[in-house]
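Working notes, structure below.
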Amino acid sequence: MLLAANRILHDTADPDAWHSHDSGQLSLLRHGVLSIATDGGRFWLPPGHLVWIPPGVRHASHRHGLIDGISLRFAATVCVRLPACAQAIACDALPPAIMRRALDFAVPPLPREQRLLEVLLDELEQCPPLSLSLPLPQDRRARRVADALTEAPDDPRSRDDWAQWAGLSGRSLSRLFPEQTGLSFQAWRRRLRLLKSLEYLSAGQKVGVAAWRCGYDSPSAFIAAFRQAFGQTPTQLLGGYADAFSDNNGS
């Protein structure tokens with residue numbers, strides 16, 4: 001069932017190349033933010049939550065800030081009970097507690113350790129996905145716009161300007177985004193800006209700087225938009241999960 005349990009420690013922002021695994025990968029962060037790209041979109045993982053990458057799913061990760069966490073690898077045979085797509089997962093205190101203990105499990109795990117892993121898998125089946133994701137358009141021209149905005153979320157160009165740059169009409173761009181992402185172009189760009197701010201804040205930038213880099217004129221407008229979208233402020237999202245690890249439990 002459990003192939004490996006490892007501590008994750010990175011202090012560089014070098015991105016991983018596109019790759020996939022033969023095993024399923026479950027990761028938990030204490031510090032930092034991961035942004036993970038898949039063929040269908042991108043999602044962000046803040047501290048205290050989980051990311052699940054099924055076997056065979058092509059992905060690439062970017063690290064933002066000091067990364068400190070845990071990664072478990074599961075045999076493909078047990079992954080069929082978990083989601084078939086890569087996603088960030090919201091969780092309570094139980095999965096992190098079991099993952100901490102798994103760092104000290106025998107290889108292969110002992111029977112009592114196997115039972116804890118079964119509890120972990122049972123919990124994961126019930127955990128909801130975290131709403132920090134952004135689907136990507138599949139049309140080549142719309143995808144070009146999405147990729148450019150991801151690199152420069154503060155770019156103020158209008159929808160029509162972006163459409164002209166990508167070689168299509170503004171009406172076509174307005175049609176493609178909701179058809180292929182479920183979001184209008186403006187809603188997609190707004191969500192991208194808010195999610196990209198997690199990368200800047202995790203790297204230690206001030207709220208005002210992150211807001212400016214994401215196209216907001218003031219920190220207050222940025223914080224209000226973030227709270228409206230995600231139900232909490234950026235500081236609460238990034239700093240509210242220190243108990244996901246305990247210094248008295250192997251971290």
Checklist outcome for this item: To the nearest 0.5 Å, atom CG of Leu183 lies from atom CZ of Arg191 at 7.0 Å
Checklist entry - Can you tell which of Asp160, Asp161, Asp155 makes a salt bridge (Lys or Arg N to Asp or Glu O under 4.0 Å) with Arg157? => result Asp155
Checklist entry - Hey, quick one: are Val78 and Leu50 part of the same hydrophobic cluster, counting side-chain heavy atoms closer than 4.5 Å, chains of contacts allowed? => result yes
Next on the checklist: Are Ser35 and Arg42 packed together at the side-chain level, in the sense that at least one heavy-atom pair is separated by less than 4.5 angstrom?
Outcome noted: yes
Checklist entry - Would a 4.5 Å heavy-atom cut-off, applied to side chains only, mark His59 and His19 as touching? => result yes
Checklist entry - What are the two closest heavy atoms between Ser61 and Ile36, and how far apart are they? => result OG-CG1, 3.8 Å
Checklist entry - Would you find more than 12 non-hydrogen atoms of other residues, nucleotides or ligands less than 6.0 Å from Asp217 atom CG? => result no
Quick one: side chains of residues 108-125, donor-acceptor pairs under 3.5 Å with protein atoms, not counting sequence neighbours, listed by atom name and distance.
from   : atom 1 : to     : atom 2 : distance (Å)
Glu113 : OE1    : Ala106 : N      : 3.1
Glu113 : OE1    : Leu110 : N      : 2.7
Glu118 : OE1    : Arg81  : NH1    : 2.9
Asp122 : OD1    : Arg81  : NH2    : 2.6
Glu125 : OE2    : Arg81  : NE     : 3.2
Glu125 : OE2    : Arg81  : NH2    : 3.0

Item to check | Value rounded to 0.5 Å, distance of OG in Ser184 from CZ in Arg175 | outcome: 15.0 Å
Next on the checklist: Check whether His10 reaches the backbone of Ile8 with its side chain - one donor and one acceptor, N or O, closer than 3.5 Å.
Outcome noted: no
Extract all donor-acceptor atom pairs below 3.5 Å that involve side chains of residues 194-209 and protein atoms in other chains or at least two apart in sequence.
from   : atom 1 : to     : atom 2 : distance (Å)
Lys196 : NZ     : Thr150 : O      : 3.2
Lys196 : NZ     : Glu199 : OE1    : 3.0
Ser197 : OG     : Leu194 : O      : 2.5
Glu199 : OE2    : Trp44  : NE1    : 2.9
Ser202 : OG     : Val33  : N      : 3.2
Ser202 : OG     : His64  : O      : 2.8
Gln205 : OE1    : Arg213 : NH1    : 3.3

Checklist entry - At what distance, to the nearest 0.5 angstrom, does CG of Leu173 lie from CD of Gln164? => result 12.0 Å
Item to check | Trp52 side-chain N/O to Pro83 backbone N/O, donor-acceptor pair under 3.5 Å | outcome: yes
Item to check | Criterion side-chain contact (heavy atoms from CB on, under 4.5 Å) on Leu2 and Phe74, from CA distance to verdict | outcome: CA-CA 5 Å; Leu2 181 66; Phe74 289 94; 4.2 Å; yes
Checklist entry - Sub-3.5 Å donor-acceptor pair from the side chain of Arg193 to the main-chain atoms of Cys214, do we have one? => result yes
Next on the checklist: Would you call the rings of Trp188 and Phe177 parallel, tilted or perpendicular, taking 30° and 60° as the class edges?
Outcome noted: perpendicular
Checklist entry - Using 4.0 Å as the upper bound for N to carboxylate O, is an ion pair formed by Arg7 and Asp68? => result yes
Next on the checklist: Show, in sequence, the C-alpha distance, side-chain angles and deciding distance for Arg159 and Ser174, and conclude whether the side-chain contact (heavy atoms from CB on, under 4.5 Å) test is met.
Outcome noted: CA-CA 8 Å; Arg159 178 210 64 181; Ser174 290; 2.7 Å; yes
Next on the checklist: For residues Leu9 and Leu45: do they belong to one hydrophobic cluster (side chain heavy atoms under 4.5 Å, members Ile, Leu, Val, Met, Phe, Trp, Tyr)?
Outcome noted: no
Checklist entry - Does His49 reach the side chain of Leu132, with side-chain heavy atoms less than 4.5 Å apart? => result no
Item to check | Contact check, side chains of Arg63 and Asp16, non-hydrogen atoms, under 4.5 Å | outcome: yes
Checklist entry - Within a radius of less than 6.0 Å around CD of Gln138, do more than 12 heavy atoms belonging to other residues, nucleotides or ligands occur? => result yes
Item to check | Distance (rounded to the nearest 0.5 Å) between Trp18 CH2 and Asp39 CG | outcome: 5.0 Å
Checklist entry - Given side chains that start at C-beta, do those of Pro46 and Leu130 come closer than 4.5 Å, heavy atoms only? => result yes
Checklist entry - side-chain contact (heavy atoms from CB on, under 4.5 Å) between Tyr216 and Ile223: does it pass, once the steps are laid out? => result CA-CA 10 Å; Tyr216 284 87; Ile223 292 172; over 6 Å; no
Checklist entry - So if you build clusters from Ile, Leu, Val, Met, Phe, Trp, Tyr with side-chain heavy-atom gaps below 4.5 Å, do Leu28 and Leu82 land together? => result yes
Next on the checklist: For Ala90 versus Cys127, what's the shortest heavy-atom pair and its separation?
Outcome noted: O-CB, 3.2 Å
Checklist entry - So how far is it from Gln180 CD to Arg143 CZ, rounded to the nearest 0.5 Å? => result 9.5 Å
Checklist entry - When clusters are formed by joining ILVMFWY residues with side-chain heavy atoms under 4.5 Å apart, either directly or through shared neighbours, do Trp212 and Leu192 land in the same one? => result no
Checklist entry - Nearest 0.5 Å, what's the CG-SG distance between Leu26 and Cys91? => result 9.0 Å
Checklist entry - Do we see a donor-acceptor contact under 3.5 Å between the side chains of Ser218 and Ser220? => result yes
